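Source: prediction; values computed, not measured.
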Amino acid sequence: MPGSRNALLIATGEYENSALKKLRSPARDAAGLAEVLQDPYVGAFNVTQVIDRPQHEVNRILETFFLDRSRDDLLLLHFSCHGIKDDSGRLYFAAKDTDRKLLASTAISAAFVHDQMRRCRAKSIVVLLDCCYSGAFLPGTKGETAVHAWEELAGYGRAILTATNRTEYAWEGDHLTEMVPEPSRFTGAIIDGLRTGDADRDQDGIVSVQELYDHVYERILAAGVKQRPQIWAELEYRVAIARATKDRPRRPAEPSPPTTALFPASPLHSHVSTVRETIAAQPAAADERILDVSSPLRIRQPGAGREPGVGGVAATALDGPVLRGTPSSPAIAGPPEGPSDGIRNLPLRAEQTRPPGDTAYSLPSMDLLARGGPDKGRTAANDAVIAALIKVFSEFKVDAAVTAFTRGPTVTRYEVELGRTVQVERITALTKNIAYAVATPDVRIIFPIPGKLAVGIEVPNTERELVNLGDVLRLATAAEHDHPMLVALGKDVGGGYVLTNLAKTPHMLIAGAMGSGKTSFIDCLITSIMMRATPEDVRMILVDPKRVELMAYKDIPHLITPIITNTNRAVEALQWVLREMDLRYDDLVAYGYRHIDAFNRAVREGIITAPEDDERDLLPHPYLLVIVDELADLMTVAPRDAEDAILRITRLAHTVGIHLVLATQRPSADVVTDLIKANVPSRLAFATMTLADSRVVLDQPGAEKLIGRGDGLFLPMGANTTTRVQGAVVTQEEIAAVVAHCNAQLTPVWGEGAVASGRPKGGQL
């Protein structure tokens, strides 16, 4: 049975605290948002508004809102108030009675909101944060300007959209009190996009979460303001926020009632505000009763129509409007049949032919990648941590001393030597006390440090350093490492650069929550290949179900097919890889070689040639790198077919130069199965949400204590211990420059001109 659609709008514009009164708050925009959300022709939500209420009332309504929900319900939560951080970095939302000196008892804690969402059974929750974070820090305190709402609120089954992710310092001076309140650009763009239907980017009649974000981002960018909306989404389905209304005659907008009347006087368990009751009582115009639907939508219903052992998803066609104004309207809509991704035009063979004529392919210059600054040495913060550790050991009478430390870009590892009679457990038992002493919960204890008689205590640096991709690749060039599959990882705790050869990995699993650095690492991986390998050396297949993560690489000559965005066709691509693997094995058997490198070397040296009756030229086989940016989508759509193909590829394909990189934001046991883990020996875990996720990826704890933004644990094949690395970064401008260099030399042709033997004509596949 389809779930209900419910929205809770929390807005605060009138503050009792004198300091908060100096700041503007767009609380009045909640009325416009409520109107469009509860419109039965647009959002069809049951809307509750909470306007200018004290903290204890808001908390009670929040807890009630998430209580007793079903799995298929769609819940939308909108905050329009000031975001405030305390000295420990915890995030709060201001209520009417908020005192910035008593945040724990007078402000709405983001941790409280997160806990209610975690307990809620609904698997589709959308959070809209129209919070400028003006004054996110108390007077006199200093901290980084990023708010990182994803750290506080993100989770599986949720989408977080925020108007900005940075702090505006606005506590000093009284100039803000002289400003006339203006409508919120963020909420205003949401209202306009839903009311006009402009947010329906693909013109399928549905406004999804991603489409709504794209619309809002472009509207705010065009306005020329400093705000930059951000999104973190880990949704199981394509969630329909609203029905697009471009083709429907609309009644003129009615003036919004005053905000003081928007809070319902009904009991707290009521989920419908007085505004909804007023609008619902008005009869619809004659031309509004039936919504014209040009084509039926396909609705994904979890678990419906599945046979035992089959992970397919039933698709039900609707003949009428999906988002009618009823509480039981479906909340989840699947995308319509998308265009072909070129899978059916894949060639029979994947060898890269030589460029036509005398064209010589040149690798991009390292000058396209920026250089980083010098490493930082010992700082006052390091001395403070050493003093804090010594004090803890002294207070608890532990015979231990800090003998040295190594500073990495993200964390510093302090080496602690124990007395002869001191047990290691004495140190590990003090983890919470150490975390308290150094004022950070992200303390990680390593025992022992590999190769040393010492315990390592890793403490995050107060100032993080970026690791530029160019610096890592320049080291590989200087060391004359010329293997085309060598890619940059980043820097370890000791400040040393870390690289890995994907040909020796030979397959890799990458996992991490949103914002952990997984996507940035994939950018570095692909850019490393483009910087170091020609299309004759390495070909790639990129699977991007999100459709936007890898679009920067859509025309590079290293691709053997257009970027695959349809998960069903991604499974077809894996089946094609299996056929290519079998054909390569046929060549090894025919010529008596056991590995693709030996075969390619023999071809280049002219030791073996094709028989006279074979029409195809015998050329070296390029490495084939398959990158799946979201494994969970494959395992949701076709778990049996996807798992079978992945298992066969990971067991056999590395011998013939085919390597697989699997990435996921949801490293649960049903996505990363035991069979997949057993055949993917190398793991890279960025920050995970839970200890259980860390164990799924690494078979050990640790990833749940990472601090995000590229901080990872690398466990290569054959290693017993993980290596902590700070992932390298490459900017979009650098990626664009490298892609432009590659595209200027060769243009990919997706399987056109294939001849009977399976060889493509023209040499530009």
Residues in side chain to side chain donor-acceptor pair (under 3.5 Å) contact with E211, at least two apart in sequence or another chain: S208, R238
N/O donor-acceptor pair under 3.5 Å between D73 side chain and S70 backbone: yes
Listed partners of F79 passing ring-ring contact (aromatic ring centres under 6.0 Å, His included), at least two apart: F93
Y414: ring-ring contact (aromatic ring centres under 6.0 Å, His included) partners, not counting sequence neighbours: F405
For [X] against [Y], the heavy-atom pair lying closest together:
{"X": "V47", "Y": "Q38", "answer": "CB-OE1, 3.5 Å"}
{"X": "P229", "Y": "I220", "answer": "CG-CD1, 3.4 Å"}
{"X": "A30", "Y": "A11", "answer": "CB-CB, 4.0 Å"}
{"X": "Y92", "Y": "A107", "answer": "CB-CB, 3.7 Å"}

[X]: which residues meet the salt bridge (Lys or Arg N to Asp or Glu O under 4.0 Å) condition with it, sequence neighbours left out?
{"X": "D68", "result": "none"}
{"X": "R666", "result": "D670"}
{"X": "R426", "result": "none"}
{"X": "K123", "result": "none"}

Look up atom [atom1] in [X] and atom [atom2] in [Y], then write down how far apart they are to the nearest 0.5 Å.
{"X": "F396", "Y": "K391", "atom1": "CZ", "atom2": "NZ", "value": "11.0 Å"}
{"X": "I61", "Y": "H56", "atom1": "CD1", "atom2": "NE2", "value": "9.5 Å"}
{"X": "I125", "Y": "L74", "atom1": "CD1", "atom2": "CG", "value": "9.5 Å"}

All side chain to side chain contact (heavy atoms under 4.5 Å, CB included) counterparts of [X], not counting sequence neighbours:
{"X": "N59", "answer": "Q55, L62, I108, F112"}
{"X": "A437", "answer": "A388, V392"}
{"X": "T106", "answer": "T98, D99, L102"}

Using distance only, find each side-chain donor-acceptor pair of residues 700-707 under 3.5 Å and give its atom names and separation, not counting sequence neighbours.
residue: E704; atom: OE1; partner: G702; partner atom: N; Å: 2.9

More than 12 heavy atoms of other groups within 6.0 Å of Q423 CD: no
Side chain to side chain donor-acceptor pair (under 3.5 Å) partners of residues 457-467, not counting sequence neighbours, each pair once: K376-E463, R407-E465, T412-N461, R413-E458, R444-E458, E458-R724, R464-Q726
V216 side chain reached by R185 side chain, heavy atoms, under 4.5 Å: no
R195 vs D192, salt bridge (Lys or Arg N to Asp or Glu O under 4.0 Å): CA-CA, chis, key distance, verdict: CA-CA 5 Å; R195 177 179 290 145; D192 183 71; over 6 Å; no
Stepwise side-chain contact (heavy atoms from CB on, under 4.5 Å) check, F45 with D39: CA-CA 7 Å; F45 279 90; D39 189 330; over 6 Å; no
